Structure formats: structure tokens, C-alpha cells
Amino acid sequence: MPLTTIRERSAAALAAALQSQFDHTDDDVSLGIPPNREMGDLAWPGALPLARVFKKSPRAIAEILAEKTNWPAEIDHVEVAGPGFLNLFLDRGVIFRQLLESSGTEHGFGPKTIVEHTNINPNKAAHIGHLRNSVLGDTLVRCRRHLGHEVEVQNYIDDTGVQVADVVVGILYLPEPDLAAALGAETARRDELIGHVVMALGEDKVPQPSTTDFDDLCWEIYPRVTHLYPEDDDFAGRRAEVLHAVEAGCDGMDLDEAVFSLQGSVISGEIFSDRAIARLAGAVAESNVRCHLATMARLGVAYDVLPHESDILHLGFWARAFELLKEAGAIRLETDGKNSGCWVMSLVDSPAFADMDDPDKILVRSNGIVTYTGKDIAYQLWKLGLLTDPDGTLHDFGYQSFATWEQSAPAEPVRYIEGRHTLARTTSNRAQAIPGHAFGNGRTVFNVIDVRQSYPQKVVKEAVRILGHASAADRSIHFAYEMVALTPAAIREIEKRSGKSFGLSDEQMAKAYVEMSGRKGIGVKADEFLDILEATAADAITERAGEAGVPDDLPHRARSIAVGALRYLMAKQSRNRVLAFDFEEALAFEGDTGPYLQYSAVRTNKIFEKLRARRGEGPFERTEIPELVDTEIPDDLWTLILECGRRNEIVMQAVDNLEFSLLAAHVHNLAQLFHKLYHGHPVVPEDDENLRRLRRAVFTLFADEMKIVLEDLLGIPVPEEM
RNA sequence: GCGCCGGUGGCUCAAUUGGAUAGAGCACCUGACUACGGAUCAGGAGGUUACAGGUUCGAGUCCUGUCCGGCGCGCCA
């Protein structure tokens, strides 16, 4: 983009003038943007702090620099303003032509970045908290790809944890009436209920998203299980049994065989086979994963690889990491004290943990079982390409294709059909591979996980450092964001919709927000909310269509608006602020919302449509640039033009700070500038050919820019009409 | 107790990371084209940026302290 380079060149010229005029070296000269367009296009406040150094007034310093600096050709003139700001004015015609010339994106490929996001426990439906994770993660992926990085997207599947086990406990041991109620089944015979569950698992593919999928059944089962644990010791004991069976694995057992075995055990009263339990758990996890993929596909979110925890266990990732940690002297076996019998990593020398009471982190329990953090260290080392075997090769997974997918446009839904993109999953057989695909071994790794995971994330990062990989530790980045909670109004709304009560106290309902909890079943399911959004959008479209009637492509338009509203809502809020979810706010389509942005782009489509019909002219073509005569570009048009040129600067800033509210604010500003111009600068009725051409050119630039920022970067579709 | 994050008009949020007059949206009030769609626009009202000190040409932003709210600090995952 020309603007970034003009800024850099101007700054360099200024630094050179500082050197020649004042013998002053400053290698951090940078230009800002004045608060007001009349003040100029770029500004340098640097004369103010130099006043004392040079014993001259800041204005005098700025005057000299304005005069003596060898400004780039694109700078039209320079002014000194206020207490000593140096304001630069660009040559509008030159910049405008450069922007019209430049193509949208520039791709070169830098070192591989890994972004891990979504990571939903595969034991229940996704809720809106997970959407924040996926939207932020996916936006990061899009922005880094836009900046020319190769990005690999990982969605980690915790398929062997207690949470999956809990659902299996529910299926096998919940009292039959409870289970029947959770499943909404007629029968109360467990063998038939198991059959019911297996039917709901679905076929071996990513389903069409709905609110009656397998993950929705689990959403009902899971809270009933956790609710019963404290009340029934026998039942609670089943958890350890199931977990144990899951860890032992199913040894390749067929699902039908497992179901037959489980049902047989119910009828005969025998105990369940461990292998059958493990097989069922695997099927539960995988079915949930497919449901989650379907949910995220609605938002245009896709992945490259699904690393499975079971494969990390079976392929000895931890065992290898354990050896590396021992070799490096990073961990020690405690022989006495409260951690006796545990392998611990001492963090006492790490500044990040300086003021902790107990700076030791247990990685292996006294019973010999690795902790979650231990596994995570092994996984992180693999992601960074640092999990090496003794012979120097990388310790790796086996891989196979999980699905293939297609996307008709950058912000359209992902379709899991025969497609040219492959979604891989890890396997426990290292001999398996997908030709042409390699995973892991990234230079920079982003872990998108909410802020509550900060402590374990810090431990993982520190382990990488202690192993002697300081720079890799610096490139292990925890992309932390605050949780999504529910306003009391939202809680009441869900209770009303579902006819259930969460039984929250008056005290809890008096707070600003209530934390969601899959364990308690408190939450707004992602698919359910997307359905509500789409229905609301469809109503709005129908209402506005009036006599024209319902358009043929209503579902597509409604989906676009729903996705736009949701993704913008998630992107615009700064990440370290709790998102207190409120239906009324989330369903708003006017004001500072996604649809407002989309509408600005739709309006440009309409202009060009009418223009073609009445005057035979379409969007501005690059070949017309020579015909743009040197008419004065008025301030308001110029402001929009200039903002259109700031994309890369904003994207870089957003990526550096992991703060997409900056990008959201920028695109909102663009749309707002356009909407204001829209009324004062008509195109179709304008008879002055030069003026019309200028406006066509500006609005074409704007439309192209919106398409890139909304669709490519934010994943917000731009519909033809709405 | 220790640590991290937040506190900005009635409400929800921004603020180019130390720059010029603290900006948007919602809600409220007054208005707008028989020109490209009113999911829009023009205008009005609404602020001691929680509080108290400090740093400097300049502080919502940095430092110290206080108050309020949230989260984290497991041989859980």
C-alpha cells in the first residue's frame, strides 16, 4: 500500500533533516494522523520534546525542518501548526491514482504461523463463548494470511478427558427416566436408549447444522450427570471406571460390535466391556467434533488439522518431552514434602513467576500419570518443531484426511463436500501420511484460549524457555481474551424460550453478568443463536421488501446478515473486556453493527446497477485513470480516499496487538464516511461527466476496499442486496 | 494473601499505545430528498475519563496509593 511507504519515506526524510540541521540522531521518527482532516494528512509532533534539547521554540524547529527536509514527491505542502506540530498535506490526485492502480492484496509467503483455536470439549454443543474464540482466532488467521504469512489452523480435540467420559457415564448409568428425558425419547429401556443415542451419532460426515444434532443431546445429558455426582456415590464411582476404560482404548473395535455388546450387557445384567465403552466414547467425541465443525462452517470458519489428545498419548509425545525435560534438568523428582513422589518443574528462577508462593508446577503426579499441563508442553513443543527424537528427527503424528471442503467465497459457509481443501486429523499410526501435507513445526504459535487459562499457558511457555529455546518461547503467544457471560436479561430470555429454570439466586441475578457453564447447562447454544439471528434477519428483510415481496434468495441474505452481525459484534469489542451477552444488543441491525457495514457496500452495488441501466456506465475501470482530469478533490471525498489507503497499517497494528477492535473501528469509520457522502454526492443524476467520473472512482475504490476488509479479513459476507 | 484484567455521558463500547477540541452506537429531542433504497443522513442535549497524588511541553493512556467489580493462583481438565 502506498500510504505506509509514503509515511516511512517521509519519516526517513525527516530523520535525515534532523541529522543535517541539528546533528540529532533519531531512528524512531514516526508520523501520526492529525485528529482533524483540515489540519493535514500526516503529522509529526516530534518538535515539541526537542525544544529543550535544541534550546529553540518547537515552532521554530518545525519551521526549519519543514523548509529543509527533502520531502517525497507525494507530499504537496507542509505546515506548522499549534504549539509546533508539523503537518503534511499529500498530493491528492497522485495518491488517488496510486490507490486506484494498486491491486487488493499482495501475497508472498513468510515462515509458517500456527494458530490454534476453537478447541471445544467434544462432549456438548458449542455455545456463544466458543464463538468468541473461533471468531477471534479465524480473524487472526485471515489477517496474517492477508499480510503474506503461511498460516496453519489447528483445532485441538480433547477426546480422552473426563468431560467426554461424563457423557458416556450418562448414557450407560443415568437413571433411565432421566436419560429418556434428556434424549426426549418415548422409551425408558436403557438398551433402546443406547440405540437412540447411536442413531443420533449420525453418519460418518459433517452434518447440516441444526439444533437437534447429537451435540444437542449431549448438551442435555451432561448437566444431568454432573448434577447427580454429588448426590450418588455409586454413580460418581462410574466416572473413574469409564475414564479408565477410555484411556485403555478400544483396540480397533467396530462401533456396531460395541453397541451390540453394550446392549447385550444391559439385557443380561453383565458389566460393560471396557473396549465397548472406549469405542462408544470415541464415537461420542467424534460425533461432537463433526457437529462443531458444522456450526463453525456457518461462519465460514475452517481448519487444516485436528490434533487428537488420544494420539498424543498413544504416540508417546509426553514420554519424549519427559526425557527432554529430564535431560535439560528442567524437572526433578520430589522425595519429600507435600509434592513427594511427583515430578515438578521449578519456576523459581523465572521472572514471570517471581512472586508466587509456590513456584513449583507438578507435571507428573505421584501415581505416575501426567497432568494436563505436561501434555500441553509436549504438544507445544511439537507445534514449535522442538519435539525431537534422539536421532534428531521430529516426533510426529500419523495423519489421514478427515474431510474435504469448499468455500465459494471468503466469507461464505464452508461446505464439507468433495472439495479441494483437506481437513486432516491426526492418527496413532505414524506410517500414515497425507501426501503434500506437513503439520506442526511452526515458527510462531498462537494459542487462542480465554484469559482464565493464563497461568497454565505461562507454565507451558516457561517450559519451552527452560528447555533452552528462549526465542521459541517468545514466539509462543497466548492470545487471551475475556469470557463471554450472560446478562440477567439474557438468562431470563433463555429460561423463557426453553421453559426451564436455572435456579439462580437473586444475588446472582442482580449482578451485571452471569458466567456460562456447560456443566450446569447455562448458556446460549451457538446454533440456536445463529438460528435466532437468521430468523430475525429474515423478518427484517421481508418487512423492508414491502410490496416487492419475499426475495428468492431470502435464506442466503438472512445468513449473510446474521453472520455479519455476529462476527462484527465479536470483533469490535476489545478482547480483554468481558462480553456480557444481551439478545437485544446482539440482534440489533442498525447503528454500529455488521449490517450497517454491509448496507454501505450494498448501496454501492445499487449505484452501479442504476448507473448501468440509465447511462451504460459501471464501476470505475483502471483504464479510465488517464481520463480523471485534475479537478480539485474536495475534503470529504479526500478523507474517504485516504482512509481507504490505511488498510495495511491498521491490519498490522491489529495483528501486533491482537486487537481487532482497531480493524472494526476502521471499517466502521469507512462505512460512516461513505454513508455521509452518499447524500451529498449523487452519481447517477450528476450530468457533469468529470464530476460523475470522480465520484464513480471514489465509490469504486470504497466498494473494493469494503469487500476486502469485510470478506477477506473479518469474514463478513457482502450480499448483493439485503 | 499474591497476581492479572477492567472502571470513560442514562446504557453498550472506541480512542492511532504519551499528542491537538475524549469519539461512536443505543435511548431521548428536532429535522431531511417525487435525485443512487430511511438497515441512511443533518442537528440538539448529555463528560471533573472511579478517587488522590506524581512524572512532562503535553496524561483516559505512564508511576504510586486507595476504592469498586471480575478472573486466576489444584497431584481438575
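As the structure is a computational prediction, the values presented were derived from the model and not from experiment. Computed over heavy atoms, backbone and side chain alike; hydrogens, waters and symmetry mates excluded.
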What integer distance in Å separates A:Ile33:CD1 from B:rA22:C1'? 18 Å
Examine B:rG69: is either OP1 or OP2 under 4.0 Å from a nitrogen or oxygen in the side chain of A:Lys511? Give yes or no. no
Are more than 12 heavy atoms, taken from residues, nucleotides or ligands other than A:Glu79, located less than 6.0 Å from that residue's CD atom? yes
Hey, is A:Tyr455 stacking on B:rG72? Ring centres under 5.5 Å, planes under 30°. no
Need one value for A:Gly161: base, sugar-phosphate or nothing, where a base atom within 4.0 Å counts as base even if backbone is also close, heavy atoms only. sugar-phosphate
With sequence neighbours left out, what residues match A:Tyr481 under ring pair (Phe, Tyr, Trp, His ring centres under 6.0 Å)? none
Sequence neighbours left out, what passes salt bridge (charged side-chain N to carboxylate O under 4.0 Å, His left out) with A:Arg695? Give chain and number order. A:Glu686
Using a 4.0 Å heavy-atom cut-off to protein, can you give one letter per nucleotide of nucleotides 7-14 of chain B, 5' to 3': B if the base is in contact, S if only the sugar-phosphate is, - if neither? SB---SSS
Could you run down nucleotides 38-51 of chain B 5' to 3' and tag each one B, S or - for protein heavy-atom contact under 4.0 Å? SBBSS---------
Atom pairs under 3.5 Å, N or O on each side, protein against nucleotides 56-60 of chain B: can you list them with distances?
from	atom 1	to	atom 2	distance (Å)
B:rC57	OP1	A:Arg52	NH2	3.4
B:rC57	OP2	A:Arg52	NH1	3.4
B:rC57	OP2	A:Arg52	NH2	2.6

Under 4.0 Å between a Lys/Arg side-chain N and an Asp/Glu carboxylate O for A:Arg603 and A:Glu721? no
Quick one, A:Arg332 with A:Glu334, criterion salt bridge (Lys or Arg N to Asp or Glu O under 4.0 Å). Give me CA distance, side-chain angles, the key distance, then yes/no. CA-CA 6 Å; A:Arg332 63 171 192 275; A:Glu334 291 284 67; 3.0 Å; yes
Rounded to the Å, how far apart are A:Tyr513 OH and B:rC5 P? 15 Å
State whether A:Asp687 and A:Arg615 are salt-bridged, where the test is any N-O pair (Lys NZ or Arg NE/NH1/NH2 against Asp/Glu carboxylate O) under 4.0 Å. yes
Taking syn as within 90° of 0 and anti otherwise, name the glycosidic form of B:rU40. anti
If you write RNA chain B from 5' to 3' in dot-bracket form, with Watson-Crick or G-U pairs under 3.5 Å, [ ] for crossing pairs and | for pairs with another strand, what do you get? (((((((..((((.....[...)))).(((((.......))))).....(((((..]....))))))))))))....
